[in-house]
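Report on the structure given below.
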Amino acid sequence: MRKKRNTILVILVSLTTLMLFAPLLQQNLELFKFEGLYGYDKPTSKPVLSYDSYVASAYQQQAEKYLKENFGFREPLIRMYNQCTYDWFKTTSNNEISIGKDGWLYHTESALQYYGNMESWFGMTNSEVRENLASKARIMSKVNAILKQYGVHLLTFTLPTKSFIYPEHLRWQPVGDTTFNAFLYLEQQLASLGVPHINMIPWFKQVQDTTSFDLYYSKGSHWAAGASLAVDTMLRYMEQLGGKPLAQIQLGHPYSIDEIPNEDKDLEHLLNLAVPLKHEPIYEYPVNLQTNERTVYPSVWFVGTSFYWYMTRRVNFDVLFRDRDLLFYYSTFHTDRERQSFPADSLDWLHELLVHDYVVFFRDGPQLYHDGILFPGKALISLCIGDERLKEKTDAIADSICDAWRAKTHHDSLNCYHQAEILLQLHPEMFEELKGEGIPTCRNPRIGEILIERRIRSDRNWSFILNAKAINDSLDVRDLFKKEAHNGITYQPFLRDNTYFTTYDYFDFLVDEAILDIHRSQAVPETKDEVFQLALDNIKTRIQQHAFDDDTLMTMACAMDAIVNELGKENSLASIREKAEDWNVSVDKAFRMATVWCYHHSKDQQKNISEETIIKALEDYQIEHRMRQGQESLDDLTRKCHDLNLPLRLIINRNIEWIRQTRVK
Amino acid sequence: MVFSSNVFLLYFMPAFFLVYFLMPRKTRNYVLLLASLIFYAWGAPEFIIQLVVSTILNFFLVKWMCATQNTRGRKWLCCISIAVPLGLLLVYKYGNFTMENLNAILGLTGHAPLSWRRIMLPIGISFFSFQSVTYTLDTYRGVNQPLRKLSDYMLYITMFPQLIAGPIVRYCDVADQIRQRESSMADRLQGFYRFVIGLAKKILIADVIGLCVDKMLGPAALDPSQVGDIMTRIATLDTGTAWLVALAYTFQIYFDFAGYSDMAIGLGRVMGFMFPENFDNPYTSRSITEFWRRWHKTLGAFIMNYLYIPLGGNRKGTGRMYLNLWLCFLLSGLWHGAAWNFVVWGALHGLFICLDKLFLGKVMKKIGTVPSVILTFITVTIIWVFFRIENIGLAWTFVTRMFAFDFSGFVFNGNALVYTTLAVAAIFSFLTLTGWGKKLEKKVYYTDYSDRQHIWIWIIAILVFIFCVAALNATSFSPFIYFRF
């Protein structure tokens with residue numbers, strides 16, 4: 001009996017030991033795979049032990065933080081706890097989220113702002129916020145006046161956050177009109193100074209009162225159907241500002257989507273629950289864009305937040321704007337239809353302010369409380385102060401900050417410099433020449449060159465050539481524009497007069513442009529044949545207009561033809577496999593080599609380009625393009641390629657062929 | 001390193017126990033000593049040398065004292081041996097306090113302040129200093145023989161389960177266990193259960209309530225620049241909120257401290273040590289005197305044996321007894337922290353103890369159990385305000401708000417989780433007032449379980465442990481939607 005009892009206790013002690021070691025084993029051996037946790041948090045780097053770091057306890061602190069972020073079973077444990085507290089108490093440990101009624105989630109900042117007291121969050125009293133906003137509005141009016149002088153229109157709007165449109169789902173009672181509202185206050189200030197500004201809240205509320213669906217998704221922080229409304233409003237205001245007709249947006253009858261896109265569930269994700277929440281359908285407006293021969297496609301610089309992506313997801317900005325860039329917060333710059341993005345540290349603000357037709361600055365409410373509105377100060381300095389003067393002033397302020405901090409190390413000097421930059425952006429009146437109520441008369445000396453660049457950008461053909469050259473030669477198109485502007489100001493030969501194109505990427509670009517033209521054309525094609533005919537005409541026109549090397553297009557089309565016809569065959573594939581073995585390379589690599597051979601072979605044959613070939617190439621391109629747009633179908637193909645041990649290219653080509661055959665049938 | 005941290009729960013503790021139980025019995029004390037030094041060195045690397053040196057010095061002083069035949073010499077050596085740890089305690093814990101007050105006096109009298117460098121407080125110094133004192137005095141009084149091996153003495157002083165926050169283990173309580181102890185499988189399991197109970201008290205109750213208290217009152221040690229803000233907040237508190245905050249803190253401190261003691265006792269039991277109990281349902285006390293018999297019992301015992309009795313206790317007349325009592329509690333307050341609020345806290349407790357002796361104790365007995373428990377609890381709750389709020393002015397304002405009877409705006413920022421936790425804390429605090437509550441406590445803490453009970457309790461303990469680790473990590477994980485720029 002005693003032996004049996006002892007055995008049970010030994011088993012329990014052993015199991016306890018095993019359980020205590022389980023996280024350590026999981027951490028090192030990754031026995032189970034778990035979905036990562038959502039949200040951004042600065043990860044702690046692995047600590048490095050040194051005598052100094054140990055004695056100062058820095059090593060220990062970092063190690064504790066590092067282990068806290070990396071121990072085994074962290075994800076399921078956190079999810080489990082969050083699920084329990086959510087289900088039992090409707091609470092979350094994430095301060096960013098405020099759980100409302102009826103399953104609604106809010107961004108805490110936005111909820112607090114609705115209640116008119118952000119002091120506990122940002123440490124600014126309402127009177128301090130008023131003073132700050134009034135000062136920013138004054139700077140904004142100066143920026144607006146200067147931009148106007150150069151034909152650039154400034155438009156600002158504060159994003160109507162969910163709490164203002166749907167306060168009834170917040171945990172506490174909705175507030176009355178007397179509560180301090182930073183939106184409204186800024187709007188009043190801007191209106192009194194004549195700065196174009198849109199207040200979307202009344203409009204959204206009006207729409208909300210007359211519709212049965214929600215403009216915002218209950219478990220996300222961004223707008224859903226509201227995004228399309230916002231673009232429409234913004235476009236109308238821009239048209240009014242610029243006095244030129246822009247594309248028209250027609251919103252159809254809203255339809256529901258049951259499968260909620262991940263991006264719309266950002267607040268739910270931040271809860272990091274173990275079981276997904278029950279979802280209601282999300283609503284969208286069908287968007288129909290209308291253009292005519294008088295339609296103008298402006299170039300726009302957006303300075304804003306993630307709400308931008310939710311607009312572009314619903315309305316095709318490519319069709320609306322000739323060119324559009326985004327400065328995301330003040331962190332990353334997204335340009336060239338989001339093909340490129342880079343850190344905004346090196347961004348030339350003067351350039352961006354002047355090469356576009358419109359500058360649209362938008363912010364959500366809580367950002368009105370802190371340094372989210374650095375934009376006016378930075379814009380004013382960029383427009384009025386030369387680079388040397390700016391550096392000199394920043395250095396002087398950085399030195400005084402360093403002296404105050406008594407910081408002499410390299411790291412601290414950098415920090416001082418950064419602080420000085422921020423200080424100047426918040427208080428541009430620290431420059432003598434920017435003081436006073438009037439519009440500053442000084443200007444940045446680089447303005448001339450940028451205005452030339454703007455002219456080049458607005459010339460469609462010129463711009464097209466430089467874009468294509470950038471793709472052809474793998475260069476940054478922004479650099480090419482700058483170089484071309486420099487050529488203009490220094491009387492050097494222009495790049496556009498000395499440019500040839502010969503690559504696959506260019507073909508891609510050409511097709512992109514052709515499709516965009518079709519979208520923008522007055523007569524929207526209704527049949528597939530019409531689409532191809534229009535694209536074909538467009539490509540031919542381009543070839544004629546620019547005297548391009550049409551050999552490129554021909555060889556490209558032939559190569560695609562050859563790939564589909566020749567390499568897709570089983571015996572060709574067998575031969576490629578053999579070659580792969582002979583050359584000791586992967587099948588994929590051998591396939592690529594065969595493709596290159598095909599390309600050159602077709603080129604050598606000097607085939608004449610036929611319309612049929614181009615149509616086929618275009619059709620293939622479109623099928624593949626759609627295939628790649630749908631992530632799931634691409635995933636299927638990737639899986640198939642693993643299952644059959646075939647290169648992805650071949651599987652795609654086979655699929656294209658199959659789709660084409662199905663269509664023919 | 002604290003017990004309620006990932007480093008301890010998931011790395012240090014498993015690794016230590018594995019090595020400890022794999023090693024032969026004779027070497028286990030060395031393993032424990034090494035682990036304890038690592039444990040201390042992790043959290044307070046700059047003080048490990050002081051700890052080791054002072055411990056070695058004290059060991060040899062006591063050894064020398066025991067070897068000395070001359071009574072006077074023994075007395076002197078005993079005094080020196082006590083002066084070493086107490087001297088360190090005075091310098092490290094009260095150095096800053098003394099200088100700040102001296103400079104304040106100098107400032108008032110128009111003299112220039114003395115310059116001094118702020119001294120960091122070595123973690124756990126209040127506890128290991130007292131343990132050194134008990135060793136010296138117990139051996140001096142002949143209660144126990146001195147330890148022969150330095151390593152055993154160092155182990156007694158630095159043993160990690162009770163090094164940081166007690167219980168204050170008197171030498172006589174563990175002298176034999178240090179030399180020889182047994183830990184059966186049942187001990188190990190029951191030690192683990194006790195540890196989990198402590199962990200749950202700390203993480204699932206004290207920390208949850210503590211977050212709310214901190215939001216209302218700011219951090220315990222206020223920066224002078226924060227006093228104005230907190231004062232504004234406290235001065236406008238409504239009475240309901242003020243009482244709720246005070247109650248929340250009352251439960252927070254109990255579950256925090258009692259949880260830590262449970263963890264220490266549990267860890268000790270796994271290794272075969274039987275540490276003394278530190279808490280015995282203090283909020284069910286019917287008077288402040290009884291409260292001190294149930295709250296931080298090991299400190300109470302220390303003060304009784306090593307301060308109150310040497311001061312004369314009740315042997316030198318009634319007046320002296322009251323003075324001794326009051327002095328003991330005043331010093332006990334100062335022991336909790338080097339600030340005037342702790343002195344006030346200790347003085348108030350001392351005052352109520354004296355009043356108990358004078359008449360209050362009799363009144364409390366007459367009015368019955370429930371009213372006396374309620375009155376004592378309310379008194380303790382009010383006095384805790386002075387313990388929590390370092391600035392006496394702020395603390396006094398807070399107490400006045402508790403009696404302002406202003407119910408204009410309830411601003412306690414609790415949620416369903418906090419209110420539920422408060423309710424659970426209240427239930428567990430007063431559970432033993434009922435007969436079945438007492439039975440339950442006895443069953444959980446002091447009964448040898450059958451196999452079937454072991455299996456069930458083990459499953460519950462494991463689930464609670466996992467939940468505690470989850471809570472520990474989830475509550476501090478608050479990611480952003482996007483990077484903040």
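No hydrogens, no waters, no symmetry mates; every other heavy atom, side chains included, goes into these values. Here is how names work: the chains are called A, B, and so on, in the same order as the sequence lines, proteins then strands, and each is numbered from 1.
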is_close_aromatic([X], [Y]), centroid dist under 6.0 Å:
X: W349(A); Y: F375(A); result: yes
X: H222(A); Y: Y308(A); result: no
X: F16(B); Y: F160(B); result: yes

Between [X] and chain A, which part of the residue has a heavy atom less than 4.5 Å away: side chain, backbone, both or neither?
X: I48(B); answer: neither
X: W458(B); answer: side chain
X: F467(B); answer: both

Non-hydrogen atoms of chain B under 4.5 Å away: do they reach the side chain of [X], the backbone, both or neither?
X: R79(A); answer: neither
X: E69(A); answer: neither
X: K68(A); answer: both
X: L24(A); answer: side chain
X: T16(A); answer: both

*Examine R188(B) relative to F21(B) and say whether NZ or CZ is less than 6.0 Å from the centre of the six-membered ring and inside a 45° cone about the ring axis.*
yes
*I would like to know whether Q50(B) and Y92(B) meet side chain to side chain donor-acceptor pair (under 3.5 Å); could you show each step before the answer?*
CA-CA 11 Å; Q50(B) 277 104 313; Y92(B) 280 108; 2.4 Å; yes
*Answer yes or no: is there a side-chain heavy-atom contact under 4.5 Å between C468(B) and L204(B)?*
yes
Name the option with the most non-hydrogen atom pairs under 4.5 Å to chain A; the candidates are [options].
options: L189(B), L9(B), I462(B); result: L189(B)
options: A41(B), G43(B), A15(B), S5(B); result: A41(B)
options: V7(B), L211(B), N473(B); result: N473(B)

*asked:* Exactly one of I11(A), L9(A), V10(A) should register a side-chain contact (heavy atoms from CB on, under 4.5 Å) with T7(A). Which one does?
replied: I11(A)
*asked:* Please identify, among L15(A), N82(A), T92(A), T85(A), the residue contributing the most non-hydrogen atom pairs under 4.5 Å to chain B.
replied: L15(A)
*List the steps, then state whether side chain to side chain donor-acceptor pair (under 3.5 Å) holds for Y66(A) with Q61(A).*
CA-CA 9 Å; Y66(A) 178 79; Q61(A) 283 169 16; over 6 Å; no
